[in-house]
2 protein chains.
Amino acid sequence: MGATKTDHFTDKQNEMAAIAKALGHPARIAIVEHLIKTNACYCGDIVEVLPLAQPTVSQHLKELKNAGIIKGEIEGNAVCYCIDKKNLSKISNYFASILNRSFKSCC
Amino acid sequence: MGATKTDHFTDKQNEMAAIAKALGHPARIAIVEHLIKTNACYCGDIVEVLPLAQPTVSQHLKELKNAGIIKGEIEGNAVCYCIDKKNLSKISNYFASILNRSFKSCC
DNA sequence: TTTTAATATTGCAATATTACGATAAACAAA
DNA sequence: TTTGTTTATCGTAATATTGCAATATTAAAA
């Protein structure tokens with residue numbers, strides 16, 4: 001095996017898991033943090049900041065983009081990336097609502 | 001390759017990524033949701049609810065426990081699991097603070 | 001003690017992820 | 001058109017994850 005049984009779970013569960021999974025790597029957390037700090041920046045700037053080769057960074061950017069966490073705008077031969085707040089808001093609200101519904105613990 | 005370069009990132013980045021990663025699977029999201037709904041319950045109840053075999057569920061529970069998202073208390077020969085709010089609060093607050101710091105988008 | 005019940009662990013196959021060199025693609029500049 | 005710059009894609013090796021059958025472990029019950 002090795003393939004997740006996504007069809008056995010609800011759309012919402014799969015959606016939240018996909019967003020969380022995209023953020024489940026320190027390089028992608030670092031990218032998000034850098035985009036927050038600089039507000040927006042070129043792909044090349046991110047490559048300079050991270051301890052990873054350019055193709056690896058490009059791959060991480062693609063995953064964040066697929067998950068709807070960032071978006072990129074082509075400017076000439078460069079690409080300007082920035083945060084797409086929508087899905088970050090979704091997962092933030094999701095966790096907040098889970099915590100609100102969680103009262104006492106048995107253990 | 002295939003191994004994440006954790007030593008090149010900050011402790012905070014690695015920590016947030018680890019929590020997000022643990023939540024990056026629909027089965028683990030479903031487990032968390034079920035624990036919220038029932039407040040606390042036995043491992044066996046979770047196995048009944050999920051479309052996965054007992055060893056697979058046990059493995060997912062272990063990952064959630066390692067990430068500090070749930071905790072389990074042994075009661076006789078059964079184990080009662082419940083949410084450990086601490087790390088869920090951490091990631092919830094983390095995303096909230098990221099969103100607060102994120103103003104306008106370039107693209 | 002033997003049996004039963006509830007979880008955890010082991011071992012393994014299938015698949016996914018991570019990382020990067022090489023290369024391609026797209027565009028600007030000369 | 002040629003060259004340089006920027007980013008994406010391809011191919012591939014190393015490693016991690018997912019899932020489950022078989023089995024071990026632990027403790028209650030008979």
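Model, not experiment: these values are computed from the prediction.
- A heavy-atom distance below 4.5 Å is found between the side chains of Leu23(B) and Ile69(B).
- Atom-to-atom, NE2 of His60(B) to C1' of dT17(D) comes out at 9 Å; the value is rounded to the nearest Å.
- Remark: C1' of dT7(D) and CD of Glu48(A) are 14 Å apart, rounded to the nearest angstrom.
- Atoms CG (Leu64(B)) and P (dT18(D)) sit 11 Å apart, rounded to a whole Å.
- Distance, Asn66(A) CG to dT17(C) P: 11 Å, rounded to whole Å.
- Relative orientation of the His60(B) and His25(B) rings is tilted, given thresholds of 30° and 60° on the angle between their planes.
- Side-chain atoms of Arg28(B) and Val32(B), non-hydrogen and from C-beta on, never get closer than 4.5 Å to each other.
- DNA chain C is contacted by no residue of residues 21-29 of chain B, taking any non-hydrogen atom closer than 4.0 Å.
- As rounded to whole Å, 14 Å separates atom P of dT18(D) from atom NZ of Lys5(A).
- In this structure, Thr56(B) reaches the dC20(D) phosphate: one of its side-chain N or O atoms is under 4.0 Å from OP1 or OP2.
- Enclosure of atom NZ in Lys5(B) by more than 12 non-hydrogen atoms of other residues, nucleotides or ligands within 6.0 angstrom is indicated.
- As rounded to whole Å, 14 Å separates atom C1' of dT18(C) from atom NZ of Lys62(A).
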Next item on the list: Starting at the 5' end of nucleotides 2-8 of chain C, put B wherever the base has a protein heavy atom under 4.0 Å, S where only the sugar-phosphate does, and a dash everywhere else.
Entry: ---BSBB
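- Ile74(B) comes within contact range of no nucleotide atom at all, as no heavy-atom separation falls under 4.0 Å.
- Here dT18(D) is the nucleotide among dC20(D), dT18(D), dT9(D) with the atom lying nearest to any side-chain atom of Thr4(A).
- With hydrogens and angles ignored, the 3.5 Å screen pairs a side-chain donor or acceptor of Thr38(B) with a backbone N or O of His34(B).
- Looking at every heavy atom in both residues, Leu35(A) comes nearest to Cys41(A) through CD2-SG, 3.6 Å.
- Residue Gln59(A) contributes atom CD, which lies 12 Å from atom P of dA8(D) at whole-angstrom precision.
- Put simply, the side chain of Val79(A) reaches to within 4.5 Å of the side chain of Ile74(A), judged on heavy atoms.
- Side-chain contact check for Tyr94(B) versus Ile29(A): some heavy-atom pair is nearer than 4.5 Å.
- The environment of CG in Asp7(A) is crowded: more than 12 heavy-atom neighbours from other residues, nucleotides or ligands sit within 6.0 Å.
- As rounded to whole Å, 18 Å separates atom C1' of dA29(D) from atom CD of Glu75(B).
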